[in-house]
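Computed from a predicted structure; not experimentally measured. Every chain is numbered from 1 and lettered A, B, ... according to where its sequence line falls, protein lines coming before strand lines.
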2 protein chains.
Amino acid sequence: MATGVGRRIGEPTVRRLSNYLRALQQARDAGYEHLSSEELARASGTTAAQVRKDLSALGSFGRRGLGYPVGELLEHLRRILGLDRRWNVALIGAGRIGTALFGYPEFRRRGFEIRHVFDVDPAKVGQAWGSVRVRHVDELEAALAQEPVEIAILAVPAAAAQTVAEKAARAGVHAVLNFAPVPLRLPPRVAVRNVNMTIELESLCFQLCNP
Amino acid sequence: MATGVGRRIGEPTVRRLSNYLRALQQARDAGYEHLSSEELARASGTTAAQVRKDLSALGSFGRRGLGYPVGELLEHLRRILGLDRRWNVALIGAGRIGTALFGYPEFRRRGFEIRHVFDVDPAKVGQAWGSVRVRHVDELEAALAQEPVEIAILAVPAAAAQTVAEKAARAGVHAVLNFAPVPLRLPPRVAVRNVNMTIELESLCFQLCNP
DNA sequence: TCCTGTGAAACGGTTCACAGCC
DNA sequence: GGCTGTGAACCGTTTCACAGGA
């Protein structure tokens, strides 16, 4: 097996692959040509066995006695994760979280290009954020018809999230990254992922209370 | 079994419990007295069987033929998750993400009180953020000695994260919520949870590329 | 009848241990 | 000797199906 993905890859695996990618990029910048599963594991916070399992499932190129070739594996991972291209993104919600996400340099570095920013606040609509102009959410469908995006980042209040998400889905978005603390109900053709900072804090509390 | 937690609760369960809590609060505000596992499941994005399994593990109070008593279950969950008290938090990193987190109203509403804000930027050090003053990271140990916190929220650049996290751990923090895209190595007595927005976006890409 | 509580089965992910190759 | 690749065992979680109480 040389190119394709072997068995179906689950969500935890994908997260780890992202981490491997980051570690590999660092290693390349540091001039390494090969990395052992042990080293990769340390750099990405997992175990060597896990690394080998993950990479072998991709039909990987590791050399016994030597390790994994940094450059080759890096390109392979980028391709598998779909990061060897540019992705267009719409940011919905120009509040505090939206602002932070817009300025997050990691996104652009990874090929995510924020093409649209929407909000409902009249004070924000019309502002120029870099090269994009903040538009009213009512213009969402028109804007996406003119310049489509694959991904919507949802950074709106919980009460508005479901409605806005549906609007985005109707406008042809294929994936939603949801920062609102509510579960979204969308047609299965739309991929959804939730980031809920409160839940993370609450999990920590639980761990503190139940050591 | 009336009060304690039955079998050990895993991380996915805790996340769902947080969601149940949110759904229950909404239901209470809407005047409901009982909620069936079916209704709870719909409101929190899971299945009825899952809800029953989760709640029965807490020695729950559900009544057959009727459902779960909203108020009672709500208090029970708050106690189990450790949310029936106030938690003191230090925010480390006063950049875009730090700013957004500081202003996130959900945190305070849930009992998380940001007592300290730290940064290294001389332009920020000294600013008054509400009732707290931004201090230099070098003052971290002194500040936490004077007014301790249980939790540190880390919103600093990747390169600084490990060092700052260690400093926080030495200063007596018990849990770290890490927004930097690097795995942290901390003594096991410190609970760590990572929020990595880039990884979430990358997972979405993968889903889009591998439908 | 409605709905919970729960053993049992199915599933998926992780760890182990070692065979195989350099 | 060093390190990868991988079947097998292990473990926690989810789903199923149904018994049992209101």
Hey, what's the ring geometry for B:His76 with B:Phe61, parallel, tilted or perpendicular (30° and 60° as the breaks)? tilted

From CD of A:Glu39 over to P of D:dG2, roughly how many Å is that when rounded to an integer? 14 Å

For A:Glu11 and A:Arg64, find the nucleotide of DNA chain C closest to each by heavy atoms; which residue's nucleotide sits nearer the 5' end? A:Glu11

Nearest to side-chain heavy atoms of A:Ser36, which nucleotide of D:dC3, C:dG5, C:dT14: D:dC3

Looking just at side-chain N and O atoms, do B:Glu202 and A:Ser18 make a donor-acceptor pair shorter than 3.5 Å? yes

What's B:Arg63 touching, base or sugar-phosphate or nothing? Going by heavy atoms closer than 4.0 Å. sugar-phosphate

Whole-Å gap separating P (D:dT4) and CG (A:Leu66): 9 Å

Rounded to whole Å, the CG-P distance (A:Asp54 to D:dT4) equals 13 Å

Examine C:dG13: is either OP1 or OP2 under 4.0 Å from a nitrogen or oxygen in the side chain of A:Gln50? Give yes or no. no

Would you kindly give the CD-to-P distance between B:Glu38 and D:dC16, to the nearest whole Å? 13 Å

Take atom NE2 of A:His34 and atom P of C:dC22, then tell me their distance rounded to the nearest Å. 14 Å

Could you tell me the separation between the NZ atom of A:Lys53 and the P atom of D:dC11, rounded to a whole number of Å? 16 Å

Counting heavy atoms not belonging to B:Arg85, are there more than 12 under 6.0 Å from its CZ? yes

Over all strands shown, is B:Thr47 touching base, sugar-phosphate only, or nothing at heavy-atom distances under 4.0 angstrom? sugar-phosphate

Using OP1 and OP2 only, check whether a side-chain N or O of B:Ser37 sits under 4.0 Å from C:dT4. yes

Integer-rounded Å distance: C:dA17 P and A:Arg52 CZ: 12 Å

In whole angstrom, give the distance that lies between atom CZ of B:Arg15 and atom P of D:dT14. 12 Å

A side-chain contact here means heavy atoms from C-beta on lying under 4.5 Å apart; do B:Gln146 and B:His116 qualify? no

Within a radius of less than 6.0 Å around NE2 of A:His34, do more than 12 heavy atoms belonging to other residues, nucleotides or ligands occur? yes

